[in-house]
Amino acid sequence: MNYWLFKTEPSECSIDDFARAPTTPIVWEGVRNYQARNFLRDGVQVGDHVLIYHSSCKDIGVAGIAEVVRSAYADPSQFDCRSIYYDPKAKAEQPRWVAVDLRFVQKLPRLITLDKIKSSAKMAELPVVQKGSRLSVMPVTIQQWRDLLALQ
DNA sequence: GCCAACGTTGGC
DNA sequence: GCCAACGTTGGC
């Protein structure tokens with residue numbers, strides 16, 4: 001089992017959206033970066049646990065936890081010309097992008113803020129605090145997972 | 001809205 | 001395959 005951190009802009013989809021419909025699978029689509037896609041396609045497995053991280057917003061940080069319930073499949077939004085994620089170069093017989101499905105596990109009682117993560121020496125190696133790190137899907141070690149959740 | 005740090009594109 | 005120009009991300 002692996003651990004991950006997924007970034008999302010809460011104005012698009014936030015932990016509260018998931019909490020409101022906790023039994024509805026969360027379709028994680030729209031990843032349009034090859035390195036992040038490769039993690040999704042080759043690494044993310046059913047049963048993996050995921051930190052939901054809110055970015056590009058007022059309250060930045062880890063907001064909750066989800067679990068993978070479906071591994072990588074062709075991201076439907078790449079074929080949808082009305083979608084902001086539409087990719088005219090993607091072909092049905094050779095999809096470029098993949099999606100996974102998640103299940104809501106919990107919203108953390110309090111956000112683990114980026115400030116707090118940065119101020120923890122144990123989190124120095126966490127990809128999300130590395131300079132220039134912009135991946136929306138990043139691996140997290142079990143130790144980082146435990147240490148991070150211990151910050152709350 | 002600024003800007004650093006990427007990633008992508010396309011001409012050559 | 002190089003690299004300049006352009007686009008995007010995301011914290012501040």
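A, B, ... follow the sequence lines: proteins, then strands. Residue 1 opens every chain. Given the structure is predicted, the values throughout are model-derived calculations rather than measurements.
Side-chain proximity of Tyr34(A) to the nucleotides dC6(B), dT8(B), dG10(C) is greatest for dT8(B). In the set dG11(C), dT9(B), dG10(C), the nucleotide with an atom closest to the side chain of Ile60(A) is dG11(C).
Put simply, CG on Leu135(A) is 8 Å from P on dG7(B), counting in whole angstrom units. The CG atom of Leu114(A) sits 10 Å away from the C1' atom of dG10(C) (whole-angstrom rounding). As rounded to whole Å, 11 Å separates atom C1' of dC12(C) from atom CG of Asp115(A). Spacing between atom NE2 of His54(A) and atom C1' of dC12(C) amounts to 19 Å, rounded to whole angstrom units. Here dG11(C) presents its C1' atom at 7 Å from NZ of Lys118(A), a figure rounded to the nearest Å. Atoms NZ (Lys131(A)) and P (dC12(C)) sit 12 Å apart, rounded to a whole Å. Summarising the geometry, the separation between CZ on Arg134(A) and P on dG11(C) is reported as 12 Å, rounded to the nearest angstrom. Asp87(A) has its CG atom 17 Å from the P atom of dG7(C), to the nearest Å.
Within 4.0 Å of Lys58(A), counting heavy atoms only, lies no atom of the nucleic acid at all.
Scanning all heavy atoms of the two residues, the minimum distance from His54(A) to Ile15(A) falls at NE2-N, 3.1 Å.
Checked against the 6.0 Å centroid threshold, Tyr86(A) and Trp97(A) do not count as a close aromatic pair.
Between His49(A) and Trp145(A), the ring planes are tilted. Angles from 30° to 60° get that label.
When the shell of 6.0 Å around CZ of Arg110(A) is examined, it contains 12 or fewer heavy atoms from other residues, nucleotides or ligands.
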